[in-house]
Every structure is written in structure tokens, then in C-alpha cells.
Amino acid sequence: MTIDRQDITRALLDVILFECAGYREAQNDRYLIRDLAVAFAHARDMFINNHRTNNFKHPGDVFIRLHKLHTHMGLREYMRLLPRGNNAYFPYPTPVRCSLLDTNGNIQEDYVSLPACTSQEINDFLQNYAENVPNTFHDDIAAVVLYLRNNCWRNRKGSGGGSAELSVNGVLGVTKYSKVHNAIKRRKVGRQQAHEIERQQAAARHRQQLAQEEARRMAEKHEQERLRQEKEARETRQIHGLDVETAEKLRLQQLIDDARYRSITRYLDELKLQAATEETRQEVETLRKTLETTLRANAHLENVEVRLFGSFESGLSTITSDADFTVYNFVSSGGKLIHGLARILRASGYGPITTIANARVPIVSFVEHNIRCDMSINQPMGVHNSQLINAYQKIDSRFLGLWFGLRTLAGKHDIIITVNTGYLSSYALMMMLIVFLQDVTTPPILPRLQQQGADKMFASLVDGLHCAYDRNPRNYTAMAAKNTKLEGQLLTEFCQYFGYTFDYLKQEVNPRFGVIRNRSVSTPPRSKMDNRPKDWSVCILDPFIPNRNVAGNCRHNHAVDIQQAFRSAYDALKVCNIDKAFKR
């Protein structure tokens, strides 16, 4: 079993801050960093002594020693690397500060401000601890805190409650940090959450019923209006003629369409609730910085950079998204680089580590803070692709709802899986959406960021390719606003276009130039041993790599499935059948 030493000390930092909040020598809420370091020194001794006797499961002393958390300087630098001064379990930020000279001219020490927590903050912290700190750490932390109370903090009781015997070898620990206590709390919360989910689902069904009822009432109202207009038209046909009657019918149809588009848009608004929260995005960014710091602590890796790409970099992540990282300037002595990266991560306490070395892009995978993480080496094009998508999605707020709706719709019809299955990747589907908003809908919502004037372009050379585009989305928000279509209408039109208009065998989706046109690239010759399709049934080009078809693995029969999926979705959306369009 691979032990994640890093996690337990992260949680322990926030628990120590929680225990110390409101306790200080002076009446100014200041708590000296050197006093916190003393607590970590005691904790280190506790880990060493009890891990040797198998009373503790996790050797947290390794990470404490690695980052010198038991020293003033080491703990200060560690806390300064954290955006909040802690790991977000603690209820408020604790930045490290240094006071000015005192009245005698003496230099004051580094400190954090730790005012007493309110009752609500205490409850929130303990709940956060129960739900998000891995339960394998609970008993170790409970025992360490009791030891600190008795040997470092002068028998203070703290907000974590009294002590009780833990489940391991009769060791005593603070009850509210223990595994058994928090398991009971999680079960109670789980029942409450299940009830809340059921309530939300019932509310969603109720909203859908109301929407359907509203659509029915509006349709009846429009039908009554149509009959009235037809009667007036018959009485005045010689004066107004047939064109007026046609115009009235078109006007009434537009009212019906507007109600339908509003109903679809409301559903897309519900889908946007699955977007990752700012707290999750911040947690992923903190993890990136920590990984970078961990790697730089090794010899010959001082210049390593860890960069995000994928959904967390593009701004389209959900609450269940993986975090994709790539490492620049990584070196390793002997063997494949990816195995060297895996060895360092294991030695630093991350894990369990899964290494996929024979993939087109080798990766290591692990879970940290309940977030699945994939790390590769030297993949700058993935970073630039993600940043280009991020620039486009920032231009107009409708982009997020359209993407979540399109992804849900494609998932329902099983046409977005992985390229190895012969269907569309999410990246290919994203390029289709971008070019649709550039070249099909009118007026266009998105500009052609790679085709702007030289004064606007941000030039970048990646793997020998020029990857220039305008990175300032504010240049185009006014242009996007000229298109006033609702998200529901745009999604309906997207499905209509790729279901009935786009010629899959003859046309290409070209995001570099922002156009859909006749194919400019032919399928490259394949060897007899190459299992990829001999002819491209769909052509969706990469925005940066010339002549690369990101849908090149899509097979002919699957292209037919894709077109039929969009047709079925359009046929359902044009009659506002949301269940048929989106749900399995």
C-alpha cells in the first residue's frame, strides 16, 4: 500500500490552526509561526514513536521533515506557498505576516492572525474535516492533537471535544477527530444529502412540468390568436392579400418558437450547475503549485514547471472533471521519463500511482483530495489548445451552457466517447461548436482569433509551429452581443446544421480559419498494418497543427451514427421534447 504522507500533514496543519484559534499570549489574535513549528516538532516525534510500534498507520514525520515544518523558516515558507495560508479546511485565510519594530526597536517575529472561530465556523470546520479528510487519517490526527494538548498546549480542551479510546491498540485521541465519530457523522449527513437530492429532483420535475404547462398554455393562446387572425384575414383578403396572412402566421410561429427556445434554455441553465466551483478550481491550482514545489525539491529539477491543461485550463470543468497536468523541463537518469516521474511522486507520498507508459502520450495517474489527476511530460500543445478554448468561452456567456448541453446530448446518443472507439472526442466536438458560432450562426458570435491583425496577435512557437492568436476576449464581447439568440435556439440550430446540412464526406470544419468549407486536406496513405480508417468519414481540423484531422479515427458507419444523432436531437428539440433530446 502506498502511503500519502503529504495529505495527512496538510490536514494536520489546518487542525493545528483550528486548535490554536483564539488562544494567544497577547490580546491581539497573533500566533507566532515559531510556536506553530514547535507543535509540528512534537507531532513529528509522535509520528516517529507510534509508527515504529504500529500504533499509527501513516509516517507523517517524513513530509514534516522534508519541508522542515518543524522549523520556523520551513513552516513559514510552506504556508506562504498556500494561497490562503492553509489548505482550505480551515474556515478563514491565515496569511503569514511580520509586524513592525516594537517600542524598544526589536524586530518582531512572523505570525498569523488567529481570532476565535464562531460557532458556525466551528461546526463547518468539523463537518468539512469529517467529509473531506480521508478517514484513514482520522485516528492518527486525533491521537496527535491529544498529545499536543497534553504536552504542548497546557491541557487546553479545544473545539474538537474531549478524548476517547481509539480503534488502534488502545491509543487515546480527541473524539471529534476520530474515525468512528466521523463515520457516524458522515452517515447522518449522507441521509440528509440524499433527502436534499430527492427534494431537488422533485423540484426539477416540478419546474419541467410548469414549463410544459406554460408551453401548452402559450400554444393554446397562439392558436386562438391564429384563428382570430385568419378570420380577419378572410374578411379583408381583397385589401391586404395573401401576404399579410402569411406574415401573421410567421409571427405567431415565431412566438411559439420563442417559448420553446426559452424552455430549452432553462434546461441548459440547470446543466450549468454541474460546473466546477471556484473553490474546486482554486484547490486544483493549489495542487499544481504543490506538485511543482515537490518536484523542484529534487536534484536537477530546479527548473521544472507544472502546467494545467484540459477542462480546468479551458474553464469548462465540472465537479467530476479530472485534473490534467503536464511537466516541463523534467529530466531523469535512466529509463523512461514517465517512470522517473512516477518514482518521485511515490517517494513524495502521492499514490497509489498508476503508470501508463505505452500510450501515445504516457501518463501517471493518482487521486489527490478526491480529484483524479493525470500527469504527462512536455505536452505544451495541450496547454495551448486549452488556452485557445478558454479565450473563446470567455467571449460570450452562452458558450458554457451550449457546451454542457451539447456534451449531454452527445453522451445520450453515445457519439462522444474516445477517439479509439471510432466516434468523436470531446475536443473534436468542441471544434465543431466553435466554428458553428464563427461561421454558421448569423450574426457570428465568435471571432476568428487566429486571423486577427498583427497588432492583436500573441505569437508563440510550440514544437516548431506558430501558435498565434488574440488572447484578449474583451475585444469581441460587443460583437458577440449583436447576436441575441437564446442558448436554446443556438443549440437547436447546431443540431439542425450537423444533422441535415453539413456534408460529412465532402466538407471540413476548419477552426484555424473559422470556416466550414470543401475539404482542403486528403486522407494520408495508410500502410497495411495501420488499423486507422483508409478514408476520412469526418474532417475536423486541428487549430494549430496543419493537416491534422482530430476526428481521423472516426469510421464511416460511426459518421452515419453521428449525423443521425444530431438529426434525432433536432427533431426532438423542435417540438421541445427535452427528455428525448437529452436523457437516456
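Since we're looking at a predicted model, the values are computed, not measured.
In terms of modelled atom types and a separation under 3.5 Å, the side chain of Thr326 and the main chain of Gln379 share a donor-acceptor contact. Remark: side-chain polar atoms of Arg260 are paired, donor with acceptor, to backbone N or O of Lys574 under 3.5 angstrom. Without hydrogens or angle criteria, Arg307 side chain to Tyr328 main chain gives no donor-acceptor distance under 3.5 Å. A donor-acceptor pair under 3.5 Å is formed between the side chain of Gln450 and the backbone N or O of Pro543. Side chain of Lys580 to main chain of Ser568: no donor-acceptor pair is present (N/O by atom type, distance under 3.5 Å, no hydrogens or angles). A distance-only check finds no donor-acceptor pair linking the side chain of Glu313 to the backbone of Gly310 [under 3.5 Å]. At distances below 3.5 Å, not a single donor-acceptor pair connects side-chain atoms of Tyr261 with backbone N or O atoms of Lys485. The main-chain N or O of Asp503 is found under 3.5 Å from a side-chain atom of Gln507 such that the two form a donor-acceptor pair. The backbone N or O of Leu437 sits nowhere less than 3.5 Å from a side-chain atom of Thr441 that would complete a donor-acceptor pair. In this structure, the side chain of Arg288 engages the main chain of Val306 through a donor-acceptor pair within 3.5 Å.
Separation of atoms CD1 (Ile445) and CG (Asp396) is listed at 5.5 Å; rounding is to 0.5 Å. In this structure, the separation between CG on Leu341 and CG on Leu291 is 9.0 Å, given to the nearest 0.5 Å. Interatomic distance, Met381 CE to Arg548 CZ, rounded to the nearest 0.5 Å: 9.0 Å. Here Tyr350 contributes atom OH and Cys373 contributes atom SG; the two are 9.0 Å apart, rounded to the nearest 0.5 Å. Distance check: Asp324 CG to Ser317 OG gives 10.5 Å after rounding to the nearest 0.5 Å. Distance check, rounded to the nearest 0.5 Å: CD1 of Ile363 to OG1 of Thr355 gives 9.5 Å.
At least one side-chain heavy atom of His558 sits under 4.5 Å from a side-chain heavy atom of Tyr423. Two residues are said to be in side-chain contact when any heavy atoms from C-beta on lie closer than 4.5 Å; Leu400 and Leu316 meet this criterion. Between Arg10 and Thr290 there is a side-chain heavy-atom pair separated by less than 4.5 Å. Counting heavy atoms from C-beta outward, Tyr427 and Asp542 have side chains that approach closer than 4.5 Å. Side-chain contact check for Met375 versus Val327: some heavy-atom pair is nearer than 4.5 Å. Looking only at side-chain heavy atoms (C-beta outward), Gln564 and His413 stay at 4.5 Å or farther from each other. A heavy-atom distance below 4.5 Å is not found between the side chains of Thr286 and His369. Taking the side chain as every heavy atom from C-beta outward, Leu433 and Phe399 approach each other to under 4.5 Å.
In plain terms, the two heavy atoms of Ala342 and Val364 that are nearest each other are CB-CG1, 3.8 Å. Closest heavy-atom contact between Gln452 and Arg448: NE2-O, 2.7 Å. Counting all heavy atoms, side chain and backbone alike, Met457 lies closest to Leu449 at SD-O, 3.5 Å. Of all non-hydrogen atoms in Phe309 and Gly382, the two that sit nearest each other are CB-O, 3.6 Å. Closest approach of Ala559 and Cys554 over heavy atoms only: N-SG, 3.9 Å. Between Cys576 and Ile264, the closest heavy-atom pair is SG-CG1, 4.5 Å.
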- Given Phe494 and Phe498, is the ring pair (Phe, Tyr, Trp, His ring centres under 6.0 Å) satisfied, shown in steps? CA-CA 6 Å; Phe494 178 97; Phe498 285 102; 4.7 Å; yes

- Task: Applying side-chain hydrogen bond (donor to acceptor under 3.5 Å, both in side chains), run through Asp579 and Tyr267 and close with a yes or a no.
- Result: CA-CA 10 Å; Asp579 284 347; Tyr267 181 76; over 6 Å; no

- Task: Could you walk me through whether Tyr92 and Phe90 pass ring pair (Phe, Tyr, Trp, His ring centres under 6.0 Å), step by step?
- Result: CA-CA 6 Å; Tyr92 53 79; Phe90 192 70; 4.7 Å; yes

- Message: Determine whether Ser426 and Trp403 satisfy the following criterion, side-chain contact (heavy atoms from CB on, under 4.5 Å), listing intermediate values before the conclusion.
- Response: CA-CA 10 Å; Ser426 60; Trp403 172 243; 4.1 Å; yes

- Task: Might you work through the side-chain contact (heavy atoms from CB on, under 4.5 Å) test for Phe325 and Val284, ending with a clear yes or no?
- Result: CA-CA 10 Å; Phe325 303 95; Val284 170; 4.2 Å; yes

- Go through the steps to decide whether Met432 and Phe502 satisfy the test side-chain contact (heavy atoms from CB on, under 4.5 Å), and finish with yes or no. CA-CA 11 Å; Met432 294 169 69; Phe502 180 72; over 6 Å; no

- Message: The test is side-chain contact (heavy atoms from CB on, under 4.5 Å); show your working for Phe566 and Leu409 and say whether it passes.
- Response: CA-CA 9 Å; Phe566 288 127; Leu409 180 152; 4.2 Å; yes

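In the displayed structure, Lys272 atom NZ is contacted under 6.0 Å by more than 12 heavy atoms of other residues, nucleotides or ligands. A 6.0 Å sphere centred on CD of Glu279 holds no more than 12 heavy atoms belonging to other residues, nucleotides or ligands.
Using a 4.0 Å cut-off between charged nitrogen and carboxylate oxygen, Lys289 and Glu292 do not count as a salt-bridge pair.
Judged by distance alone, the side chains of Asn132 and Tyr89 never bring a donor and an acceptor atom under 3.5 Å apart. Of the N and O atoms on the side chains of Ser311 and Ser314, not one donor lies less than 3.5 Å from an acceptor on the other residue. Side chain to side chain, Gln120 and Asp124 meet the donor-acceptor criterion of an N or O pair below 3.5 Å.
Taking the six-membered ring for Trp and thresholds of 30 and 60 degrees, Tyr469 and Phe544 have ring planes inclined between 30 and 60 degrees apart. Classification of the Tyr570-Tyr500 ring pair by plane angle, with boundaries at 30° and 60°, yields perpendicular.
Checked against side-chain hydrogen bond (donor to acceptor under 3.5 Å, both in side chains), Asn549 has no partners two or more places apart in sequence or in another chain. The side-chain hydrogen bond (donor to acceptor under 3.5 Å, both in side chains) test applied to Glu508 returns Asn510, Arg517, Ser520, not counting sequence neighbours.
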